Amino acid sequence: GAGVSQSPSNKVTEKGKDVELRCDPISGHTALYWYRQSLGQGLEFLIYFQGNSAPDKSGLPSDRFSAERTGGSVSTLTIQRTQQEDSAVYLCASSPTGLNEKLFFGSGTQLSVL
Amino acid sequence: QKEVEQNSGPLSVPEGAIASLNCTYSDRGSQSFFWYRQYSGKSPELIMSIYSNGDKEDGRFTAQLNKASQYVSLLIRDSQPSDSATYLCAVNQGGKLIFGQGTELSVKP
């Protein structure tokens, strides 16, 4: 595709349910980030994938959060046993090499946990 | 101490004035710095990058970097109402891009 694609655009779930958020980066981009943005706040770093290297998971807020990237392309962020404080916009971004470059952002997934 | 700090604002300036946005960072080893603009309900978009001490100008935007003071700023000259947005400072720290909480700018006609 022409840009970073995220799905779903909106997700409403009940507390305690698991959710999966998908990111399809720009073709050929080796670097992929997940960020979380709560209302009126900045971007909170979650996880960073770079090529075949082990991902930097240092931003994941708890062990309920996990992410994988298959075949160096599509990434899935999974949140288990969702809590109300998980409600936020989850943004995915990619860049060609991850070396001091512009990030291309997707439109985000708005997650609401009731 | 947060890794990347910005005043949350809102910063209000009249149309035609200079808007000055500031950012400090904690990692002395950081080498690359970015300013992103985010309109309400939209995703961030890159407006400036800077890697060396000093000033870098692009149209009405000037980024300033002082690594000794761990300080980076963005000046917007001749501010327009269309510049009203949240401006996010981002710093490459430890190989990953860390964002500040953003400064909301409002340009009044």
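Computed from a prediction, not measured in an experiment: that's the story for all the values here. Reckoned from all heavy atoms, side chains included, excluding hydrogens, waters and symmetry mates. We name chains A, B, ... by the order of the sequence lines, and we start the count at 1 in each one.
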Does any heavy atom of chain B fall under 4.5 Å from the side chain of [X], the backbone, both, or neither of them?
| X | result |
| --- | --- |
| S58(A) | side chain |
| L43(A) | both |
| E44(A) | neither |
| Y35(A) | side chain |

Counting only heavy atoms from other residues, nucleotides and ligands, does the tally under 6.0 Å from [atom1] of [X] exceed 12?
| X | atom1 | answer |
| --- | --- | --- |
| D27(B) | CG | yes |
| L39(A) | CG | no |
| K11(A) | NZ | no |
| E14(A) | CD | no |

### From CD (Q38(B)) to CZ (F105(A)), nearest 0.5 Å
8.0 Å
### Spatial distance of atom CZ (F99(B)) from atom CG (L91(A)) [nearest 0.5 Å]
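Going from the CZ atom of F99(B) to the CG atom of L91(A) covers 9.0 Å.
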Do the side chains of [X] and [Y] join up, straight or via other hydrophobic residues, at under 4.5 Å, putting them in one cluster?
| X | Y | value |
| --- | --- | --- |
| F45(A) | W34(A) | no |
| L75(B) | F33(B) | no |
| I76(B) | I47(B) | yes |
| M48(B) | L11(B) | yes |

### Query
Which atoms form the tightest heavy-atom contact between G95(B) and Y33(A), and what is the distance?
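In this case the closest contact between G95(B) and Y33(A) is O-OH, 4.0 Å.
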### Query
Taking all non-hydrogen atoms of both residues, which atom of S43(B) and which atom of S107(A) are closest, and how far apart?
OG-CA, 3.5 Å
### Summary
Of G94(B), P44(B), S49(B), G100(B), the largest count of non-hydrogen pairs under 4.5 angstrom with chain A goes to P44(B)
### Message
I'd like to know which of I98(B), L97(B), L88(B) tops the heavy-atom pair count under 4.5 Å against chain A.
### Response
L97(B)
### Side chain / backbone / both / neither for Q6(B) at chain A, heavy atoms under 4.5 Å
neither
### Query
Which answer fits Y36(B), side chain, backbone, both or neither, if we ask what part of it has an atom under 4.5 Å from a heavy atom of chain A?
side chain
